[in-house]
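Below, each value reflects all heavy atoms present in this structure, side chains not excepted, and no hydrogens, waters or symmetry copies. In each ligand, atom 1 is the first atom listed, and ligand 1 is the first ligand listed.
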Amino acid sequence: MPHRAAATASSSDTAGASLASLELDSAAMEHYVQVRIFKIIVIGDSNVGKTCLTFRFCGGTFPDKTEATIGVDFKEKTVDIEGEKIKVQVWDTAGQERFRKSMVEHYYRNVHAVVFVYDVTKMTSFINLKMWIQECNGHAVSPLVPRVLVGNKCDLRGQIQVPSSLALKFADAHNMLLFETSAKDPKESQNVESIFMSLACRLKAQKSLLYRDLEKQPGKVQKLEFPQDANSKTSCPC
Ligand SMILES: Nc1nc2c(ncn2[C@@H]2O[C@H](COP(=O)(O)OP(=O)(O)OP(=O)(O)O)[C@@H](O)[C@H]2O)c(=O)[nH]1
Ligand SMILES: [Mg+2]
């Protein structure tokens, strides 16, 4: 602890100076201990609840009022996975074409995971998922980048248009996990948490494997990028 070292540095000037430098070094090390950042993008039609889901995960609440996202909103949450602190950086994207077109390249650059969202009370938002997946594939996002499907607004029970069976079939066909949930219903908050945590767990596991692969080929460390070049498929350890 740097503060404790500084408090005992009174016996001589030299000792004081070296302890002060130790304190500085420790502080610098503490500052530079790397926290891994996982970039997760949230994609889907306008009004499906991307901003509300992001809010629920990062802030723990449902926003009273939202406006259409322009470009992108960033939110971060630091999570603990098996003792490692990981920063989950959520990119809440705009669903409206006019608010997103200049940003699309940025959304997909170095993305680690993708959350596709539809509104369970709006069939068109489910049908449009094909288009969102095409856009994602069109930006050279590796098939190894984990993707999940989220049906939001499940609290609106009487208005459901997209049956779970249909969504499940679609999710299976695209190799995605399906979460049906509600950003609004506080009882669902654990489920919203699971969406992002399941991705973070998978990413952590993937990266651990990558490190192991790299140890076997030390010369290639600099050239590989995560996760586009990862060559091992893994499952969530949680
Ligand atoms: N009933 C209900 N309403 C929700 C839920 N999630 C979001 N909404 C409402 O749906 C509307 C749109 O939510 P947003 O989160 O702003 O939608 P968005 O997908 O971010 O829209 P864009 O930013 O335009 O792409 C708002 O009126 C929210 O209050 C939910 O789980 N249940
Ligand atoms: Mg939004």
Got a donor-acceptor contact below 3.5 angstrom from the Tyr107 side chain to the Gly71 backbone? yes
Tell me, which protein residue and heavy-atom name are nearest atom 31 (O) of ligand 1, and how many Å apart are they? Ala183 N, 2.9 Å
So with a 6.0 Å cut-off around NZ of Lys122, is the heavy-atom count from everything else above 12? no
Taking atom CZ of Arg36 and atom CD of Gln89, what is their separation to the nearest 0.5 Å? 15.0 Å
Give yes if a backbone or side-chain nitrogen or oxygen of Ala68 is under 3.5 Å from a nitrogen or oxygen of ligand 1, and no if not. no
Does Thr93 bring an N, O or S atom to within less than 2.8 Å of the Mg ion (ligand 2)? no
Which residue and atom name correspond to the protein heavy atom nearest atom 6 (N) of ligand 1, and how close is it? Asn152 ND2, 3.1 Å
For atom 24 (O) of ligand 1, the protein heavy atom that lies nearest, with its residue and separation: Ser46 OG, 2.6 Å
Can you list the atoms of ligand 1 that are under 4.0 Å from a heavy atom of Lys50? 15 (O), 17 (O), 18 (P), 19 (O), 20 (O), 21 (O), 22 (P), 25 (O)
Using a 3.5 Å cut-off on N or O atoms only, is Thr66 in polar contact with ligand 1? yes
Go through ligand 1 atom by atom and flag the ones less than 4.0 Å from a non-hydrogen atom of Ser182. 31 (O)
Can a salt bridge be assigned to the pair Lys153 and Glu180 using a cut-off of 4.0 Å between side-chain N and carboxylate O? no
Check: Asp45/Trp132 side-chain N/O donor and acceptor closer than 3.5 Å: yes
Report yes or no: does Asp45 have a heavy atom closer than 4.0 Å to ligand 1? yes
N/O separation below 3.5 Å, Gly49 to ligand 1: yes
Counting only heavy atoms not in Glu76 (residues, nucleotides, ligands), do more than 12 fall under 6.0 Å from its CD? yes
Do side-chain atoms of Arg56 reach the backbone of Lys184 as a donor and acceptor pair under 3.5 angstrom? yes
In the protein, which heavy atom is nearest to atom 8 (N) of ligand 1, and how far is it? Lys153 CE, 3.7 Å
I need the atoms of ligand 1 closer than 4.0 Å to a non-hydrogen atom of Thr69, numbered in the order shown. 22 (P), 23 (O), 24 (O)
Can you list the ligand 1 atoms lying under 4.0 Å from a non-hydrogen atom of Leu156? 1 (N)
Leu178 reachable from Phe170 in the ILVMFWY side-chain graph, under 4.5 Å edges: yes
same_hphob_cluster(Val120, Met123) at 4.5 Å side-chain heavy-atom cutoff: yes
Going by ring-ring contact (aromatic ring centres under 6.0 Å, His included), name the residues that satisfy it together with Phe57, two or more places apart in sequence or in a different chain. Phe196
Out of curiosity, is Phe62 lining ligand 1, as in a heavy atom under 4.0 Å away? yes
With a cut-off of 2.8 Å, does Thr69 place any N/O/S atom under that distance from the Mg ion (ligand 2)? yes
Which atoms of ligand 1 have any heavy atom of Ala94 under 4.0 Å away? 25 (O)
Find out if a path of hydrophobic residues (ILVMFWY) with successive side-chain heavy-atom gaps under 4.5 Å connects Phe99 to Tyr108. no
Asn47, Thr51, Ile43, Asp155: member with heavy atom nearest to atom 21 (O) of ligand 1: Asn47
Using a strict 4.0 Å cut-off to heavy atoms of Cys52, name the atoms of ligand 1 that fall inside it. 6 (N), 7 (C), 13 (O), 15 (O), 28 (C)
